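Computed from a predicted structure; not experimentally measured.
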Amino acid sequence: GMPQLESLDISGNCVGPLAMQAMGEALGQMQNLTELDISGNCLGAIGLQSFRLDRLQNLTKLRASLNDLPPKAAIDGFVKEMEKLRKLQEFEFDFNFLADEGFKLLAPALSRMRSLELLSLQRLGLSAASVGELTDLLGNLKTLKTLKMSLNQLGAAGLQALSACDAPLESLDIGDWEVGEENSAALAEILGKFNVLRILRLDGNWLGRGVRYLNATFVKLKRLQDLSIGRNFDKCQGTAELAKAINRVRERAPIRLSIAQTCFENRFFNELRAMRKLKYLYLPGMSFASSRHQEVIGWFSRLKELRSLDISGMTARTSTLAANILGQVKSFWHLHTVVMRDTKPTFKGNWPFILSNRGVKATAFRSLILLDLGVKDEELASAQVALPGVRVQ
């Protein structure tokens, strides 16, 4: 007979709609399933509608991302069966380009799932035209703890929908909504009501100097431990205000901080206080308005709990700083992972030179496990010699 599985993961096989039609009936007989992952299977609308979800009423987790759904896809059958999944707690549907038309079909079904705790709808191709449906949806989901809506160009209109959410959100990702500096105050006010947030992603919203409105917000977010706020500044303007805002959570010390693709003003590291509990720091693609780096090195020297550091993508102008951070900072006692991919050294032309001459072999790096340089294969051997016991790639 059919095995009575409770969890099934068939993701990443790109089985296509025809094969999935054959599998759909079999899956419908697995009535004990509580977790199902069908992501990355190139299903399209036809393949998705092959599932007998109406028979899987014990499902609590459904992942169906990356399934090649085009705009205006005929997903009405899939949606109708989804409405019967009243026990569903987690739903992921990322990178299915439903656009506004498809979301109008999906949103009402999701609104009826009153036990939903995780909802991930990233890059669905939504615009401000979906705000009405999104407002109703978020207003109905009272148990939601995690909301991921990044890469949808909802703009300032998206804030209207977010303001309708009364759920106890612990994780929120609204990256690349392109909210804009002029709407920063409204964003800050809305975020302030989610006072149990632990994870917050605000990348790609071009808040600029509007980040100053986050000062009061970050005081309210007493549990915030993971902040991602890169790609928000044009020509370095506003990063000093960002430093002041981050200082507001200093006492609770974010454990993870990501500020990707950002040009920092000279004052940023002067304003930013020591984050002694910071464990994970991601600054890929960073650049500086000035070539004076002593303040930067001094700030890094106080990160005594750091475990993972990503300073990839530096230009020729700033790559010397990357080497100096590793060479002059002697307090990375717990650092186990360093990522410096696509960073161009300005001297000697290769990383083995930096490794052997800039102090990376010092005992301060005794915990280092992985150094990801993205170097060419022929350079790996000499790099590995410079760091015995460390995986270099």
| Stepwise, does the side-chain contact (heavy atoms from CB on, under 4.5 Å) test hold for L88 with T60? | CA-CA 4 Å; L88 203 63; T60 59; 5.6 Å; no
| Apart from Y213 itself, what residues make up its hydrophobic cluster when side-chain heavy atoms of I, L, V, M, F, W and Y under 4.5 Å apart count as a link, directly or indirectly? | none
| remark: Nearest heavy-atom approach of R341 to D372 is NH1-OD1, 2.7 Å
| Closest contact, heavy atoms only, L278 versus I255 | CD1-O, 3.6 Å
| message | Is there a continuous path of hydrophobic side-chain contacts, each under 4.5 Å between heavy atoms, that joins V196 to L144? | response | no
| request: Evaluate side chain to side chain donor-acceptor pair (under 3.5 Å) for S120 paired with D94, printing each intermediate quantity in order. | output: CA-CA 6 Å; S120 189; D94 306 326; 2.7 Å; yes
| Does any N or O in the side chain of N232 come within less than 3.5 Å of the main-chain N or O of L202, such that one atom is a donor and the other an acceptor? | yes
| Any side-chain donor-acceptor pair under 3.5 Å between K244 and N215? | no
| task | Please test L242 against L207 for side-chain contact (heavy atoms from CB on, under 4.5 Å), starting from the C-alpha separation and ending with a verdict. | result | CA-CA 10 Å; L242 174 61; L207 302 178; over 6 Å; no
| said: Let me check something: do I311 and L257 share a hydrophobic cluster, defined by ILVMFWY side-chain heavy atoms less than 4.5 Å apart, either directly or through other members? | reply: yes
| said: Pair E170, R198 - check salt bridge (charged side-chain N to carboxylate O under 4.0 Å, His left out), show working. | reply: CA-CA 5 Å; E170 297 178 6; R198 295 182 299 104; 3.6 Å; yes
| said: Suppose we screen for salt bridge (Lys or Arg N to Asp or Glu O under 4.0 Å). Which residues come up paired with R112, at least two apart in sequence or across chains? | reply: E83
| Taking atom CG of L106 and atom CZ of F78, what is their separation to the nearest 0.5 Å? | 7.5 Å
| task | First locate atom CG of D166, then atom CG of L138, and finally report the distance between them rounded to the nearest 0.5 Å. | result | 10.0 Å
| task | Test D176 against R231 for salt bridge (charged side-chain N to carboxylate O under 4.0 Å, His left out), laying out the working first. | result | CA-CA 9 Å; D176 294 282; R231 292 182 290 109; 2.8 Å; yes
| request: Keeping the roles fixed (side chain from D310, backbone from S312), state whether a donor-acceptor pair exists under 3.5 Å. | output: yes
| field | Short side-chain to backbone donor-acceptor contact, W333 and L306, under 3.5 Å | value | no
| field | Residues that, via side-chain heavy atoms closer than 4.5 angstrom, fall in one hydrophobic cluster with F95 | value | L66, L151
| Which residue pairs pass the side chain to side chain donor-acceptor pair (under 3.5 Å) test with at least one member in residues 137-150, sequence neighbours excluded? | Q122-S150
| Pairs satisfying disulfide bond (SG atoms under 2.5 Å apart), at least one member in residues 87-190, at least two apart | none
| query | What do the steps show when you test I38 against I10 for side-chain contact (heavy atoms from CB on, under 4.5 Å), and what is the final call? | reply | CA-CA 5 Å; I38 54 174; I10 54 173; 3.9 Å; yes
| request: Anything under 30° is parallel, anything over 60° is perpendicular, the rest tilted; go ahead and classify F288 against F269. | output: tilted
| field | Residues forming a side chain to side chain contact (heavy atoms under 4.5 Å, CB included) with K80, sequence neighbours excluded | value | none
| message | Quick check: do M275 and I246 have side-chain heavy atoms less than 4.5 Å from each other? | response | yes
| said: Return the OG to CG distance between S258 and L281, rounded to the nearest 0.5 Å. | reply: 8.5 Å
| message | Is it the case that the side chain of N41 and the backbone of L43 share a donor-acceptor pair, with hydrogens and angles ignored and the cut-off at 3.5 Å? | response | no
| request: Write down the atom of N96, the atom of F93, and the distance for their closest heavy-atom approach. | output: ND2-O, 3.3 Å
| query | Would you say L134 and L154 make side-chain contact, with heavy atoms under 4.5 Å? | reply | yes
| query | Can you say whether the rings of F268 and F264 are parallel (under 30°), tilted (30 to 60°) or perpendicular (over 60°)? | reply | tilted
| Shortest non-hydrogen contact between D234 and W206, atoms and distance | N-CZ3, 4.4 Å
| Counting only heavy atoms not in Q153, do more than 12 fall under 6.0 Å of its CD? | no
| query | Roughly how far, to the nearest 0.5 Å, is CG of L53 from CG of L62? | reply | 6.0 Å
With a 3.5 Å cut-off and sequence neighbours excluded, list the donor-acceptor pairs that the side chains of residues 123-133 form with protein atoms.
residue : atom : partner : partner atom : Å
S127    : OG   : D100    : OD1          : 3.4
S127    : OG   : D100    : OD2          : 2.6
S127    : OG   : A129    : N            : 3.3
S130    : OG   : D100    : OD1          : 2.5

| Test item: I75 and L98 side chains (from C-beta on) under 4.5 Å apart, heavy atoms | yes
| said: With salt bridge (charged side-chain N to carboxylate O under 4.0 Å, His left out) as the rule and sequence neighbours excluded, what pairs involving residues 200-219 come up? | reply: R201-D226, R209-E241
| Do L118 and F91 have side-chain heavy atoms sitting under 4.5 Å apart? | no
| message | Are the side chains of N32 and L5 in contact, using a 4.5 Å heavy-atom criterion? | response | no
| task | Nearest 0.5 Å please: distance from the CG atom of L283 over to the CD atom of Q261. | result | 11.0 Å
| With side chains defined as the heavy atoms from C-beta onward, is the minimum distance between N58 and K87 less than 4.5 Å? | yes
| Just wondering, do V219 and T217 contact through their side chains at under 4.5 Å, heavy atoms? | no
| task | Sequence neighbours left out, what passes side chain to side chain contact (heavy atoms under 4.5 Å, CB included) with R63? Give chain and number order. | result | D37, S39, K61, E90, E92
| message | A quick test of your reading: do over 12 heavy atoms of other residues, nucleotides or ligands sit less than 6.0 Å from CD of E189? | response | no
| task | Determine, stepwise, if the pair E265 / T239 fulfils side chain to side chain donor-acceptor pair (under 3.5 Å). | result | CA-CA 6 Å; E265 295 175 89; T239 54; 3.2 Å; yes
| said: Tell me whether I46 at atom CD1 has more than 12 heavy atoms from other residues, nucleotides or ligands lying less than 6.0 Å away. | reply: no
| message | Tell me which pairs pass disulfide bond (SG atoms under 2.5 Å apart) where either residue lies in residues 79-155, with sequence neighbours left out. | response | none
| said: Could you see if V296 belongs to whatever hydrophobic cluster contains L272? Use Ile, Leu, Val, Met, Phe, Trp, Tyr and a side-chain cutoff under 4.5 Å. | reply: yes
| request: Could you tell me the separation between the OH atom of Y280 and the CD atom of Q225, rounded to the nearest 0.5 Å? | output: 11.0 Å
| query | Which pairs, with at least one residue in residues 166-240 and sequence neighbours excluded, count as a disulfide bond (SG atoms under 2.5 Å apart)? | reply | C236-C263
Show every donor-acceptor pair shorter than 3.5 Å between a side-chain atom in residues 155-163 and any protein atom, with sequence neighbours excluded, or say none if there are none.
residue : atom : partner : partner atom : Å
S163    : OG   : L159    : O            : 3.4
S163    : OG   : Q160    : O            : 2.6

| remark: On a heavy-atom basis, the closest approach of M149 and L121 is SD-CB, 3.6 Å
| I199 reachable from L147 in the ILVMFWY side-chain graph, under 4.5 Å edges | no
| field | Same apolar cluster (I L V M F W Y, side chains within < 4.5 Å links), V339/L335 | value | no
